[in-house]
Every structure is written in C-alpha cells, then in structure tokens.
Enquirer: 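One structure, as structure tokens, below. Some questions next.
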Amino acid sequence: MNLIRSLLFSLWLYLTIVLCAVGLSPALLMPHRYVMGVIRIWARMVLFGLRWIAGIKVEMRGLEYRPKGGTLVAAKHQSMLDVVVPFILMDDPCFVLKKELMSLPFFGWFAWKTKMIPVDREAHAKALKDMVQHTRQRLAANRQIMIFPEGTRTQPGVEGQYKPGVAAIYRDVDSACHLIATNSGQHWPAKGIIGFKPGTVVFQFLPPVQAGLKRGEMMKMMQERIETASIALLQS
C-alpha cells in the first residue's frame, strides 16, 4: 500500500510542478509578491497531496518563536519538504542555495525572480563575501534568510557537518539566528520517489540564538539545539 501511495504522490508532485511552474510562468513578468503567491499555491498543493494521497500530515510547533521581518533562519535539512513548508510558514522566505540550481528551467527562473541567494561553492572566499552582501540586501527588504547549515540533506538521526557560512552571516548582520528542527526525513525520503511513509512531519521553531555571540559559541549552540530537538521529534 505504501508503494502505491508513494507512486501516486510522486505523480501528484510532478504534476503540481508542471502546472505551477509552466502553467503559471506568466507570473514571472509580474511583481515579486505575485510570483511568491504562485510558489505558495504550489506549496499548499504539495501539502494537500501529501496529506490525502501519502497519508502524511504536517504539523507546525513553536510558532511563538516564528520570525517576523528581516532575520536569519537556520534549519535541519532531511528532505525536499524542508524547502516547501517555509513558503507557508513565513512571510517572505529567501533561500541560500547552490548556484547550479539557478540554471534549471522554470525552477531557476522563479529563483532568480524571487531573488534567492546563489552560492558558488568553488569560489570559497568570494562566495562567502557575495553571500553576505546579498543577505544584507534581502534583510533590508524584510525577508527571512533560510539556510541549511549542513549544506545537504541528511538521513534522520544523522548529524551532518555544519558549515561556517551561517556563522559568517550571523556575525556580519548582527542578528539573532532563528532555528527549525524537523523529522521530515522519517516520512519523506531524502532521494527518490519511493519510501513515503504515513505519519506526522513536525516543523518546530526553537528559541533563537541571540545576537552577539562569538562564532564558536554560536555554532555550538545552534547545532546542539537543532540536533537535540530533531532527534526528539524522531522519537516522539
């Protein structure tokens, strides 16, 4: 039964991408808020299919810590769902993502139009400088900067290597760092279209890391809070 559900939901997912990215692509000629509106429509369609086809419910917790206005948000990354839900949870999310993704048809066009922040991993110091500069501009526009400190998706219960880029942004913009824990990988596979498991995915906002900490202290606190809460969600 889970195999059939997985296949049907995967079909639904690709259909929503085609419908919104291709069918609603004229929105790319319109102002930012309309393009974000298209992405939010897509995100809600994904969650609708996830609930009624795959049997996976999404629950939001810790909403008292949900960020408002321009700020930095560091999140656990276990599945594609981690990229979908912020468009519903937050006012105007802006993702830090691999530069290669910007060249993809439709996805890349929407990413450019909504001014996501591309990172060239081969550029090292220049990439970090550019990332910080773009972050300042997006924060000035009251956007929530979404970054996955591990840099890639990890399996549930596995602690990835947290990259220092988030600390560089945190130090430069002198902002608190909001945190999100999740168990999404327990129900949505990190790769492939098979392995969706019925149950409840939780996205939990945690108490933010206050501004002004030293780099090492900030990284340690961020990692401990995200990992401890994410493991707890796997066991609940």
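We're numbering straight along the sequence, starting at 1.
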Enquirer: Going by ring pair (Phe, Tyr, Trp, His ring centres under 6.0 Å), name the residues that satisfy it together with Trp109, two or more places apart in sequence or in a different chain.
Expert: Phe106

Enquirer: Around atom CZ of Arg44, are there more than 12 heavy atoms of other residues, nucleotides or ligands at under 6.0 Å?
Expert: no

Enquirer: List the steps and the verdict of side-chain contact (heavy atoms from CB on, under 4.5 Å) for Asp82 and Thr182.
Expert: CA-CA 8 Å; Asp82 309 335; Thr182 188; 3.9 Å; yes

Enquirer: For a side chain to side chain donor-acceptor pair (under 3.5 Å) check, start with the C-alpha distance between Gln78 and Gln186, then their side-chain angles and the critical distance, and finish with the verdict.
Expert: CA-CA 8 Å; Gln78 295 179 349; Gln186 199 170 26; over 6 Å; no

Enquirer: Report yes or no: do Ile17 and Leu11 belong to one cluster of Ile/Leu/Val/Met/Phe/Trp/Tyr joined by side chain heavy-atom distances under 4.5 Å?
Expert: no

Enquirer: Working to the nearest 0.5 angstrom, can you tell me the gap between Ile88 CD1 and Ile41 CD1?
Expert: 11.5 Å

Enquirer: Do Tyr14 and Met80 sit in one hydrophobic cluster, given that two such residues count as connected whenever their side-chain heavy atoms are within less than 4.5 Å of each other, even indirectly?
Expert: yes

Enquirer: Check Arg143, Lys115, Arg33 against Asp92 for a salt bridge (charged side-chain N to carboxylate O under 4.0 Å, His left out) and give me the one that passes.
Expert: Arg143

Enquirer: How far does CD1 of Ile231 sit from CD of Glu159, to the nearest 0.5 angstrom?
Expert: 7.0 Å

Enquirer: Side chains of Met218 and Val209: does their closest heavy-atom pair fall under 4.5 Å?
Expert: yes

Enquirer: Is there a chain of hydrophobic side chains (I, L, V, M, F, W, Y, each step under 4.5 Å between heavy atoms) that links Ile56 to Ile180?
Expert: yes

Enquirer: So Pro86 and Phe95, do their side chains get closer than 4.5 Å, heavy atoms only?
Expert: yes

Enquirer: Looking only at heavy atoms, which two atoms of Gly160 and Gln223 are closest? And how far apart?
Expert: O-NE2, 4.2 Å

Enquirer: Evaluate the side-chain contact (heavy atoms from CB on, under 4.5 Å) criterion for residues Trp52 and Trp12: first the C-alpha distance (whole Å), next the side-chain angles of each, then the deciding distance (0.1 Å), finally the verdict.
Expert: CA-CA 11 Å; Trp52 297 108; Trp12 170 263; over 6 Å; no

Enquirer: Please check this pair: side chain of Arg51 against backbone of Lys57, looking for a donor-acceptor N/O pair closer than 3.5 Å.
Expert: no

Enquirer: Please confirm whether Phe9 and Trp188 have ring centers closer than 6.0 angstrom.
Expert: yes

Enquirer: At their closest point, which heavy atom of Leu101 faces which heavy atom of Phe107, and how far apart are they?
Expert: O-CD2, 3.5 Å

Enquirer: Evaluate Phe205 against Arg61 for side-chain contact (heavy atoms from CB on, under 4.5 Å), listing each step before the verdict.
Expert: CA-CA 6 Å; Phe205 285 104; Arg61 296 180 187 171; over 6 Å; no

Enquirer: With heavy-atom distances below 4.5 Å as the criterion, would you say the side chains of Pro198 and Arg5 are in contact?
Expert: yes

Enquirer: If you look at every heavy atom in Pro208 and Arg225, which pair is closest and at what distance?
Expert: O-NH1, 3.0 Å

Enquirer: How close do Asn183 and Leu234 get, counting heavy atoms only, and between which atoms?
Expert: CB-CD2, 3.8 Å

Enquirer: Should Val46 and Met36 be counted in the same cluster of Ile, Leu, Val, Met, Phe, Trp and Tyr side chains packed under 4.5 Å apart?
Expert: yes

Enquirer: Should Asn2 and Phe196 count as side-chain neighbours, where that means a heavy-atom distance under 4.5 Å?
Expert: no

Enquirer: Are side-chain heavy atoms of Val85 and Val58 found at a separation under 4.5 Å?
Expert: yes

Enquirer: Starting at OG1 of Thr200, measure out to CG of Leu233 and round the result to the nearest 0.5 Å.
Expert: 11.0 Å

Enquirer: For the residue pair Pro93 and Met116, what are the closest heavy atoms and their distance?
Expert: O-CE, 3.9 Å

Enquirer: Same hydrophobic cluster for Phe48 and Leu15, using side-chain heavy-atom links shorter than 4.5 Å among ILVMFWY?
Expert: no

Enquirer: State which residues pass ring pair (Phe, Tyr, Trp, His ring centres under 6.0 Å) with His77; sequence neighbours excluded, sorted by chain then number.
Expert: Phe148

Enquirer: Determine yes or no for a side-chain-to-main-chain donor-acceptor pair under 3.5 angstrom, with Arg171 supplying the side chain and Lys214 the backbone.
Expert: no

Enquirer: Measure the spacing between CE of Met221 and SG of Cys177 and express it to the nearest 0.5 Å.
Expert: 11.0 Å

Enquirer: Side chains of Leu47 and Leu81, heavy atoms from C-beta outward: is any pair under 4.5 Å?
Expert: yes

Enquirer: Kindly compute the distance separating OG1 (Thr114) from CD1 (Ile39), expressed to the nearest 0.5 Å.
Expert: 4.5 Å

Enquirer: Heavy-atom count around Leu63 CG within 6.0 Å, excluding the residue itself: above 12?
Expert: yes

Enquirer: Is a donor on one side and an acceptor on the other found under 3.5 Å between the side chain of Lys113 and the backbone of Met30?
Expert: yes

Enquirer: Measuring from atom CE of Met90 to atom OG1 of Thr71, what distance do you get when rounded to the nearest 0.5 angstrom?
Expert: 10.0 Å

Enquirer: Please answer whether the main-chain N or O of Ile117 pairs with a side-chain N or O of His134 as donor and acceptor at a distance below 3.5 Å.
Expert: no

Enquirer: Should we say atom CD of Gln161 is surrounded by more than 12 heavy atoms from elsewhere, each under 6.0 Å from it?
Expert: no

Enquirer: Please name the pair of heavy atoms, one in Tyr170 and one in Gly212, separated by the smallest distance, quoted to 0.1 Å.
Expert: OH-N, 3.2 Å

Enquirer: Hey, are Gln204 and Glu59 close enough side-chain-wise for a donor-acceptor pair under 3.5 Å?
Expert: no

Enquirer: Taking only Lys NZ, Arg NE, NH1 and NH2, and the carboxylate oxygens of Asp or Glu, determine whether Arg136 and Asp172 approach each other closer than 4.0 Å.
Expert: yes

Enquirer: Is Lys163 atom NZ crowded by more than 12 heavy atoms from other residues, nucleotides or ligands, each under 6.0 Å away?
Expert: yes

Enquirer: Given the rule in the side-chain contact (heavy atoms from CB on, under 4.5 Å) test, do Val166 and Leu72 qualify, once you have shown the distances and angles that lead to the verdict?
Expert: CA-CA 9 Å; Val166 62; Leu72 177 63; 4.1 Å; yes

Enquirer: With the side chain counted from C-beta on, respond yes when Ser10 and Leu7 share a heavy-atom pair under 4.5 Å apart, and no when they do not.
Expert: no

Enquirer: Between Ser25 and Val22, is there a donor-acceptor pair closer than 3.5 Å when you use the side chain of the first and the backbone of the second?
Expert: yes

Enquirer: Is there a side-chain contact between Gln144 and Arg138, using heavy atoms and a 4.5 Å cut-off?
Expert: no

